[in-house]
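Some notes on the structure that comes next.
Just the heavy atoms: all of them, side chains too, but no hydrogens, waters or symmetry mates, feed the values below. The model shown is predicted, which means the values in this text are computed figures rather than measured ones. Protein chains get the first letters and strands the later ones, always in sequence-line order, with residue 1 at the start of each.
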Number of protein chains: 2
Amino acid sequence: MTEHPWMNQLNEQGYRLTGARRAVVETMAESTHALTPIEVYDKARESYPALGLVTVYRTLEALEEQGLIQRVHRPEGCQAFITAPAGHQHLLLCKQCGQAISFEGDDLESLINSIARRTGYQVTEHWLQLFGLCPSCK
Amino acid sequence: MTEHPWMNQLNEQGYRLTGARRAVVETMAESTHALTPIEVYDKARESYPALGLVTVYRTLEALEEQGLIQRVHRPEGCQAFITAPAGHQHLLLCKQCGQAISFEGDDLESLINSIARRTGYQVTEHWLQLFGLCPSCK
DNA sequence: ATTGAAAATGAAAATGATTTTCAATATCAG
DNA sequence: CTGATATTGAAAATCATTTTCATTTTCAAT
Ligand SMILES: [Mn+2]
Ligand SMILES: [Mn+2]
Ligand SMILES: [Zn+2]
Ligand SMILES: [Zn+2]
């Protein structure tokens, strides 16, 4: 049984390899949808029934710290998590089914520069997120 | 005593004019920072000490329904509210002091079209938010 | 001005999500 | 193997928000 890369990264950071962690990691890594802690809990218990909800919270926190997952903000709430895209990417979310796709190539440089100039702010970060309907939902 | 325009709008929608509501409305309308319900509560009690936190929640809900305020999403949490900008605008937030400025003129048309084409999604909405340091905080 | 129906209020209780505590268990370096 | 220590899940605690409800306030109709 070869470990999932996320498990190896956690291990290198000093985390031990446990079944509970493995169940949460695999649930998150497999999902193309944003999942809430409870959804992760329910899904992960299919392969590891003894799992506690507390461990889900703790593992999600560790994965977020490692930059492997990220919190997803949505109108209905901001408690969901999804695999973090590599590099500078943003999310496109289906409002119907929650399916998420990440994209890159946003060019906000000139907009940001002009706003920085006009407002006197030093702009250090930006959030961009698109919402819509995925091919199968529309 | 002339009523605040927001109070008039609420009144036209059938809401009654009360002191508790007035205190919350004026607190929100005056603030250039995003405020959490508790912050609104503390601020508004300066002018209306009998105010209950429940009424803050209820009034914020009404103001959001009327499109007069909007929820602000931030890394530290998404429970804060701020005056909604008129028309299609986005927010620039100071990470230090929470001061908010709204701006327009983002041109995401071509980006959105190209992503829609590439992914097959129908894109209906977007969130854009900038973070940084305001002139006095940097 | 008075009245009364309906809306609004705030205190307290209920709920729901997340965090903390803690005793028992599992991992893993030595 | 062994033992130090990280991890676990149950239960309790905390914290934000919502619901309930008896009382008060608003305001339209007299
Ligand atoms: Mn970007
Ligand atoms: Mn825009
Ligand atoms: Zn969909
Ligand atoms: Zn500032």
From [X] [atom1] over to [Y] [atom2], what is the distance, rounded to the nearest 0.5 angstrom?
X	Y	atom1	atom2	value
Leu130(A)	Phe103(A)	CG	CZ	4.0 Å
Gln99(A)	Ser31(A)	CD	OG	8.5 Å
Leu111(B)	Asp106(A)	CG	CG	6.5 Å

Discussion item. Using only atom types and a distance under 3.5 Å, with no angle test, would you say the side chain of Thr27(A) pairs donor to acceptor with the backbone of Ala23(A)?
Written reply: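 A pair under 3.5 Å: yes.
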Discussion item. So does Arg16(A) get a backbone contact from the side chain of Arg21(A), meaning a donor-acceptor N/O pair under 3.5 Å?
Written reply: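 Confirmed, Arg21(A) side chain pairs with Arg16(A) backbone.
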Atom pairs and distances, side-chain donor-acceptor, residues 62-74 of chain B, under 3.5 Å, sequence neighbours left out:
| residue | atom | partner | partner atom | Å |
| --- | --- | --- | --- | --- |
| Gln66(B) | OE1 | Gln9(B) | NE2 | 3.1 |
| Arg71(B) | NH1 | Cys78(B) | O | 2.9 |

Interatomic distance where [atom1] belongs to [X] and [atom2] belongs to [N] [whole Å]:
X	N	atom1	atom2	value
Glu3(A)	dT27(C)	CD	C1'	12 Å
Glu39(B)	dC15(D)	CD	C1'	15 Å
Ile38(A)	dG16(C)	CD1	P	11 Å

Worksheet item: Where along residues 51-65 of chain B does a heavy atom fall under 4.0 Å from DNA chain C?
Response: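 Here the set is Leu51(B), Gly52(B), Val54(B), Thr55(B), Arg58(B).
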Item to complete: Select base, sugar-phosphate, or nothing to describe what Tyr41(A) touches, counting heavy atoms under 4.0 Å on all strands.
Response: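 No contact.
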Worksheet item: the helix from dA1(C)-dT30(D) to dG30(C)-dC1(D): angle between its terminal axes, five pairs each, to 10°?
Response: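 Answer rounded to 10°: the end axes differ by 30°.
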Item to complete: Using the salt bridge (Lys or Arg N to Asp or Glu O under 4.0 Å) rule, collect all pairs that involve residues 122-138 of chain B, keeping only residues at least two apart or in two chains.
Response: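 Listed once each, the pairs are Lys95(A)-Glu125(B).
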Practice prompt. Return yes if a side-chain donor-acceptor contact under 3.5 Å exists between Thr36(B) and Gln79(B), otherwise no.
Written response: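 Not at all, the side chains of Thr36(B) and Gln79(B) share no donor-acceptor pair under 3.5 Å.
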Item to complete: Can you tell me which residue pairs pass the ring-ring contact (aromatic ring centres under 6.0 Å, His included) test with a partner in residues 4-33 of chain B, sequence neighbours excluded?
Response: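 Listed by first then second residue: His4(B)-Trp6(B).
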Worksheet item: Going by heavy atoms closer than 4.0 Å, what residues in residues 6-18 of chain A are next to DNA chain D?
Response: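 Tyr15(A), Arg16(A), Thr18(A), in order of number.
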Worksheet entry | Parallel, tilted or perpendicular: ring planes of Trp127(B) versus Phe131(A), cut at 30 and 60 degrees |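 Trp127(B) and Phe131(A): perpendicular rings.
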Item to complete: Would you sort out whether Phe81(A) and Met28(A) count as a side chain to side chain contact (heavy atoms under 4.5 Å, CB included), showing the intermediate values?
Response: CA-CA 8 Å; Phe81(A) 292 86; Met28(A) 282 307 302; 3.8 Å; yes
Fill in: Arg21(A) vs dT8(D): side-chain N/O to OP1/OP2 distance below 4.0 Å
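For Arg21(A), the contact criterion (side-chain N or O under 4.0 Å from OP1 or OP2 of dT8(D)) is met.
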